[in-house]
Undergrad: 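Provided herewith is a single structure, encoded as structure tokens, for subsequent inquiry.
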2 protein chains.
Amino acid sequence: MRKQLTEMLKGTLEGIVLAILAKQPAYGYEITAGLRDRGFTDIAEGTVYALLIRIEQRGLVDVEKVPSEKGPPRKVFALNAEGRTYLEEFWRTWDFLAERIADLHEGEK
Amino acid sequence: MRKQLTEMLKGTLEGIVLAILAKQPAYGYEITAGLRDRGFTDIAEGTVYALLIRIEQRGLVDVEKVPSEKGPPRKVFALNAEGRTYLEEFWRTWDFLAERIADLHEGEK
DNA sequence: TACTAGTACATAGTAACGCTGAATAGCCAG
DNA sequence: CTGGCTATTCAGCGTTACTATGTACTAGTA
């Protein structure tokens, strides 16, 4: 199932991370840990960092460097207005897809 | 939303097509039309054909050439046993993802 | 000092997938 | 014979997540 999930995550992982950031600002390491807690046990750190850089460059988040007690300074990401708009759009798209797939799954039986 | 949907379809479109074939065998042109009927209005024909070749090469479908009344012969694809197993796996993976995302969406409010 | 482990971020290279755009080919109506 | 519908194929592209590795800081410990 790993490979199927990998492909499914394309396009959704971004929304997942944005949804996490919608609740409260967070930094990469924290987000990765949060994903693991939510059941996404196999998501590599590198994947998350690359994604964060992407959404930062798109202007969906604001970034602030915060010193850490242990280790390098944290880059704390906060969803901004543009990011919120984008996230709403994500939910609309997701709902559209999930609904159609649910229909298919129903009709199968 | 188009671009978001494109990315989301990665990994799911394959399952969608397999689910369609689970109901009854079909050929490419027919499947594309069926997708449009189901609300996937923007899926290009080329995309579907490429996907069909992929699942054929993976041995998930059996293929039969059937002459058409109008136009070139049809390649009719039928889900085989292996394809059915793969489809079940797809549903499990999808349910896993959809559930976790639903949690996120709930928690957001 | 040297080591280990945990925290925290970054990146080059790869594979997979869906999209774009075009080509090919058969059939039929005007 | 031209346009439109049926039907398939393919080369090239952009985006995304994964792999694997590297850097850097702190704290504990032998």
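Keep in mind that this is a model prediction, so the values were computed, not measured. Below, chain A is the first sequence line, B the second, and so on; all start at residue 1.
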Undergrad: Considering just the side-chain nitrogens and oxygens of R54(B), establish if one lies under 4.0 Å of OP1 or OP2 belonging to dC17(C).
TA: yes
Undergrad: Remember a base hit wins even if backbone is also touched, and classify L52(A) as base, sugar-phosphate or nothing at under 4.0 Å, heavy atoms.
TA: nothing
Undergrad: Whole Å only: how far is the CG atom of L5(B) from the P atom of dC19(C)?
TA: 8 Å
Undergrad: Distance check needed: dA10(C) C1' versus F77(A) CZ, whole Å only.
TA: 11 Å
Undergrad: Show the nearest heavy-atom pair for residues G11(A) and F90(A), with the distance to one decimal.
TA: O-CE1, 3.6 Å
Undergrad: For residues Y86(B) and E14(B), is any side-chain donor paired with an opposing acceptor at under 3.5 Å?
TA: yes
Undergrad: OP1 or OP2 of dC18(D) versus the side-chain N and O atoms of T47(A): is any pair under 4.0 Å?
TA: yes
Undergrad: To the nearest 0.5 Å, how far apart are CZ in R74(B) and OH in Y29(B)?
TA: 10.5 Å
Undergrad: Between the side-chain atoms of K10(B) and the base atoms of dC17(C), is any donor-acceptor pair under 3.5 Å?
TA: yes
Undergrad: Nearest heavy atom decides the nucleotide; on that basis, is T12(B) or S68(B) closer to the 5' end of DNA chain C?
TA: T12(B)
Undergrad: Between dT15(D) atom P and E7(A) atom CD, what is the distance in whole Å?
TA: 16 Å
Undergrad: Under 4.0 Å: is that the gap between some side-chain N or O of Y29(B) and OP1 or OP2 of dT6(D)?
TA: yes
Undergrad: Check whether any side-chain N or O of R2(A) sits under 4.0 Å from OP1 or OP2 of dA17(D), and answer yes or no.
TA: no
Undergrad: What is the distance, rounded to the nearest whole Å, between atom CZ of R74(B) and atom C1' of dC27(C)?
TA: 12 Å
Undergrad: Go through dG26(C), dT20(C), dA17(D) for me and flag the one nearest to the L9(A) side chain.
TA: dA17(D)
Undergrad: In whole Å, I'd like the distance from the CD1 atom of I55(B) to the P atom of dT8(D).
TA: 13 Å
Undergrad: Whole-Å distance between dT20(C) P and I43(B) CD1?
TA: 11 Å
Undergrad: To the nearest angstrom, how far is Q4(B) atom CD from dT15(D) atom C1'?
TA: 13 Å
Undergrad: If you take all heavy atoms of L79(B) and R84(B), which pair is closest and at what distance?
TA: O-NH2, 2.9 Å
Undergrad: Does G46(A) reach a base, just sugar-phosphate, or nothing at all? Heavy atoms under 4.0 Å.
TA: base
Undergrad: At less than 4.0 Å, is any side-chain N or O atom of Y49(A) found next to OP1 or OP2 of dC9(C)? Yes or no.
TA: yes
Undergrad: Counting just side-chain N and O atoms, does K75(A) come under 4.0 Å of either OP1 or OP2 of dA10(C)?
TA: yes
Undergrad: Just how far, in rounded Å, is C1' of dG14(D) from CD of Q57(A)?
TA: 15 Å
Undergrad: Would you say I53(A) and V66(A) are hydrophobically clustered, going by side-chain heavy atoms of ILVMFWY under 4.5 Å?
TA: no
Undergrad: Need one value for E45(B): base, sugar-phosphate or nothing, where a base atom within 4.0 Å counts as base even if backbone is also close, heavy atoms only.
TA: base
Undergrad: Within the structure, does a side-chain N or O atom of R58(B) lie under 4.0 Å from either OP1 or OP2 of dC17(C)?
TA: yes
Undergrad: With respect to K75(A), which candidate in E30(A), E64(A), E56(A) satisfies the salt bridge (Lys or Arg N to Asp or Glu O under 4.0 Å) definition?
TA: E56(A)
Undergrad: Given that P72(A) and P72(B) both sit by DNA chain D, which one's nearest nucleotide is further toward the 5' end?
TA: P72(B)
